Every structure is written in structure tokens, then in C-alpha cells.
There are 2 protein chains.
Amino acid sequence: MGRWEPNTRERLAKAALDLYGERGFEQTTVAEIAKSAGLTERTFFRHYADKREVLFSGAIELEQLFTRAVAGAPPSAAPIDAMAAGLDAICAVFEERRDFARKRQAVISATAELRERELIKLASLAAALTDTLRARGVPPSVAGLTAETGVAVFKVAFERWIVADETRPLARLARESLDELKAVALGGNAPMSEV
Amino acid sequence: MGRWEPNTRERLAKAALDLYGERGFEQTTVAEIAKSAGLTERTFFRHYADKREVLFSGAIELEQLFTRAVAGAPPSAAPIDAMAAGLDAICAVFEERRDFARKRQAVISATAELRERELIKLASLAAALTDTLRARGVPPSVAGLTAETGVAVFKVAFERWIVADETRPLARLARESLDELKAVALGGNAPMSEV
DNA sequence: CACTTTGATGTCAGTTACTGACATCGACGC
DNA sequence: GCGTCGATGTCAGTAACTGACATCAAAGTG
């Protein structure tokens with residue numbers, strides 16, 4: 001056994017989520033989180049860059065999972081279909097942790113500062129997906145738009161999935177949202193450049 | 001003449017942008033901004049909620065301009081075409097202030113904290129557009145996706161427009177981006193629900 | 001014209017997020 | 001057994017932000 005209790009990062013993350021949920025993000029001090037995990041404030045900041053980041057440690061793995069699924073789609077698949085494959089992959093992991101996801105999202109949605117952080121994580125995800133698509137040979141401009149579209153579809157699907165009375169699987173909601181988006185894009189009567 | 005110099009907010013905003021540009025956002029203290037505008041730190045925080053917000057005072061007007069243009073589109077226009085009308089309206093105001101936009105964007109792009117704030121402003125814009133579309137009778141799910149799409153198109157177009165050697169008007173880039181997005185959405189071979 | 005009220009600002013003390021420098025001490029390799 | 005290492009603790013410091021109260025010109029009110 002080590003000199004200290006193991007799983008420092010995880011203990012901090014759990015303590016933070018619990019406290020943010022009970023008292024709210026702003027009413028919780030970092031010192032309290034650290035104490036609740038049997039550590040000091042300084043140690044918290046050695047593991048997480050700031051008070052918000054403690055809720056986003058899974059972002060790296062999510063990004064990897066998503067980009068690998070996109071990269072692994074059949075070379076013949078259209079960009080938007082490669083994105084769809086990635087969406088399927090990440091939906092699966094969310095499906096396994098629905099309770100956690102809901103608890104975490106309730107905390108994030110309640111605080112503007114945390115929503116900001118969530119948005120930049122999604123933007124970073126879109127950037128990574130853009131790179132992945134470009135590596136598949138997709139032209140830069142198309143890659144960027146496709147990645148943004150994929151992330152937007154996920155956002156919408158996740159919003160629908162997180163509500164209490166929703167029972168359909170996330171992946172299904174994502175597929176529906178993507179189909180809806182296609183319909184939206186088709187809705188215009190003419191390309192804008194002709195208007 | 002009043003007891004103090006007029007245009008307090010504007011003076012603070014100008015001082016902040018200048019200092020952020022010269023020294024960088026993190027290397028600038030609020031006390032310095034206030035002093036540079038002939039005021040105190042406390043007064044800064046009476047006008048702006050925090051150190052970042054001083055760069056985003058135009059967000060409200062932008063939102064109003066965008067939503068009014070969408071609301072004012074012909075009732076017969078498809079949702080995506082109403083969005084296109086809104087895009088045209090805001091592109092016009094950016095076109096008039098290109099130097100300012102470029103200076104401001106350079107500061108924002110350089111700092112993660114400011115990018116976060118920018119993203120939440122765009123998210124708030126998308127939410128407002130969703131409401132506007134719903135008021136036009138667009139079904140909620142379509143409204144959300146259309147609004148997100150419109151904002152994504154603007155982001156991409158703005159990114160292209162802001163680069164130094166770009167000479168095409170923003171509105172034109174927005175139209176092109178929207179057309180590209182339509183092509184992206186159409187690119188898939190089959191609706192996802194059939195995959 | 002004196003008197004009051006109002007609103008924007010200044011002053012000051014306090015909390016808390018976050019950082020740098022240095023100390024501690026069990027684990028682990030040698 | 002011994003020295004290095006890595007994770008943590010301790011402590012002092014900066015700066016964002018807030019609440020309470022003071023100030024004082026301007027604008028109303030009699």
C-alpha cells in the first residue's frame with residue numbers, strides 16, 4: 001500500500017460532483033472538495049487545472065473513441081456517414097452510464113461557467129473530428145462543416161436523451177436527429193447563392 | 001457636463017481591448033483597465049460582470065438584429081431560408097467594422113477563457129433563434145437543428161472572412177458555406193435509420 | 001433659493017480561485 | 001542501508017470579484 005490512499009483523481013472527481021450537486025457549484029469551495037476527499041486544496045490543483053475541469057476528465061477518452069470510430073469507417077463511406085459511425089460509438093458508452101450522465105448534466109446545466117467549459121470541450125471535439133476527416137482525404141472546408149454538423153447532431157440527441165421520461169436509446173435519437181438535419185438542409189427552395 | 005467623463009462603458013471597453021491586445025488577456029489586470037479609463041476597479045465591475053464580458057457587450061444587439069431578420073422573413077420561407085435572411089443581416093454590420101472585428105477576434109482566439117465566453121454567446125444566440133423560428137410555427141425539433149445549423153454556418157464563414165488575405169464579403173462566404181453544408185448533408189448514401 | 005433625493009462613482013475590507021517555492025516522507029531501485 | 005523520486009503538504013502571495021458604506025454633482029421640489 002502506498003503512502004496515500006489510491007485513486008486520488010477519481011476521489012476528487014466524485015467528491016466534486018457530489019458537492020456541486022448538493023450545494024451548487026458556486027457555493028462549493030475547492031478546499032471543501034479536497035477536504036471531502038481527504039486531501040488539500042493544493043493537491044486538487046495539481047490534478048485539475050481549475051475548479052471546472054474536474055467534471056470533464058472524460059473528454060479525452062470520448063474524443064479518442066469518437067475519432068477512432070470515424071477513422072475506422074470504410075474508406076468508401078461519405079464524410080457524413082463516417083461521422084454517423086463515430087456517433088454510434090460514443091452513444092454506446094453514454095448508454096452504459098446514464099445515471100452518472102444525468103447527474104453530471106444536471107450540475108453542468110445549472111451553472112453558466114460549467115456550460116462554457118462544456119461548449120469548449122465540444123468545440124475541441126469538433127476540431128479533432130475535422131482533423132480526422134481530413135486525414136481520410138476529405139477537403140478541409142467539407143471536413144469542418146461535417147464535424148460541426150456531427151457535434152450539433154449529438155448535442156440535440158443528448159438533450160433529448162437526458163430528459164427524465166425518455167426511454168429510447170441515445171444512438172436511435174442521434175440517427176433521428178441526423179435524418180432531421182438532412183431534411184432541414186433540403187428545406188430551402190434554392191441554394192443561397194441564387195437568392 | 002456631468003460630474004464624470006461620459007461614455008464610461010465604452011471607455012472601459014476600448015481600454016480593455018487595447019490592453020488585451022498589447023499585453024495579452026491574462027497579463028492585464030482589471031485595475032489596469034480601469035486606471036487606463038480613468039476609473040476604479042470597482043466601477044469596472046459595476047459595468048461588466050467579469051473581466052471577459054467587456055469584450056462581448058455587442059452580443060445583445062447582434063442577437064436582436066439576427067432574430068428580427070429571421071422573424072421578418074416572408075412567412076412562406078422555409079426555416080433554413082429564414083435563417084439565411086438573418087445571416088445576411090448580421091453579415092452587413094460585421095462588414096462595416098472589419099478592422100474592429102479582426103482586432104477583437106485576434107484577442108479572443110488567443111485565450112481559451114475568451115473562446116469559452118464566445119461559444120456561450122453563440123449558444124445563447126442559437127437558443128434565441130430557436131425561439132424565433134418556433135414563433136414562426138416551425139416545429140421545435142426542426143427549429144433547434146435549423147438554428148444550430150445557421151450558427152455553425154456563420155462560424156465557418158466568419159473564420160474564413162477574418163483571415164488577412166480574404167477579400168470576399170462575409171455575406172458571400174456565408175452563402176457558400178450554407179450551400180456546402182447542404183451538400184454535406186446530402187452526401188450520405190442512406191438515412192442513418194436504415195444503416 | 002435652500003433642501004432632498006438620486007445615481008454614478010470611490011473606498012475599503014473580505015472571500016476565494018489559483019500559483020510558486022520549498023518541505024516532507026514512503027516507495028523503489030541499487 | 002541509502003539515495004533518488006514522486007506525490008503530497010505547507011505557506012505566502014496575486015488578482016478576480018463582492019458587499020457595505022461614503023461622496024458629491026445634478027436634477028427635482030417646495
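A quick note: this is a predicted structure, and the numbers were derived from the prediction, not measured. In what follows, chains are A, B, ... by sequence order, proteins preceding strands, each numbered from 1.
- Atom-to-atom, CZ of Arg42(A) to P of dT19(C) comes out at 7 Å; the value is rounded to the nearest Å.
- Residue Phe44(A) contributes atom CZ, which lies 11 Å from atom P of dT19(C) at whole-angstrom precision.
- Between the side chain of Arg46(B) and the base of dG10(C), a donor-acceptor pair under 3.5 Å is found.
- One finds a side-chain N or O of Thr40(A) lying less than 4.0 angstrom from the OP1 or OP2 phosphate oxygen of dG9(D).
- Salt bridge annotation for Glu53(A)-Lys121(A): present, with a cationic side-chain nitrogen under 4.0 angstrom from a carboxylate oxygen.
- One interatomic measurement links the two molecules: CZ of Arg52(A) to C1' of dA16(D), which rounds to 12 Å at whole-angstrom precision.
- Counting to the nearest Å, the C1' atom of dT19(C) and the CD atom of Glu26(B) are 12 Å from each other.
- For the pair Tyr48(B) OH and dT18(D) P, the interatomic distance rounds to 16 Å; values are reported in whole Å.
- We find that CD of Glu5(A) is positioned 18 Å from P of dC25(C), with the value rounded to whole Å.
- Not a single donor-acceptor contact under 3.5 angstrom links the side-chain atoms of Arg3(A) to the base of dG9(D).
- Comparing Phe25(B) and Leu39(A) against DNA chain D, the residue whose closest nucleotide sits nearer the 5' end is Leu39(A).
- Between Glu41(A) atom CD and dG13(D) atom C1' the separation is 13 Å, expressed in whole Å.
- When each of Ile90(A), Leu125(A), Leu129(A) is checked for a side chain to side chain contact (heavy atoms under 4.5 Å, CB included) with Glu63(A), only Leu125(A) meets the rule.
- Cation-pi geometry between Arg104(B) and Phe56(B) is satisfied (NZ or CZ under 6.0 Å from the ring centre, within 45° of the ring normal).
- Note on Arg168(A) versus Glu176(A): salt bridge recorded, some NZ/NE/NH1/NH2 to OD/OE distance being below 4.0 Å.
- The shortest distance between the side-chain N/O atoms of Thr43(B) and the OP1/OP2 oxygens of dG10(C) is below 4.0 Å.
- Remark: Thr8(B) is not in phosphate contact with dA8(C), judged by side-chain N or O atoms under 4.0 Å from OP1 or OP2.
- Atom pair Phe45(A):CZ and dA7(D):C1' shows a separation of 17 Å (rounding to whole Å applied).
- A sub-4.0 Å separation between OP1 or OP2 of dA7(D) and a side-chain N or O of His47(A) is absent.
- In this structure, Arg9(B) is not positioned above the aromatic face of Phe44(B) in the sense of NZ or CZ being under 6.0 Å from the six-membered ring centre and within 45° of the axis.
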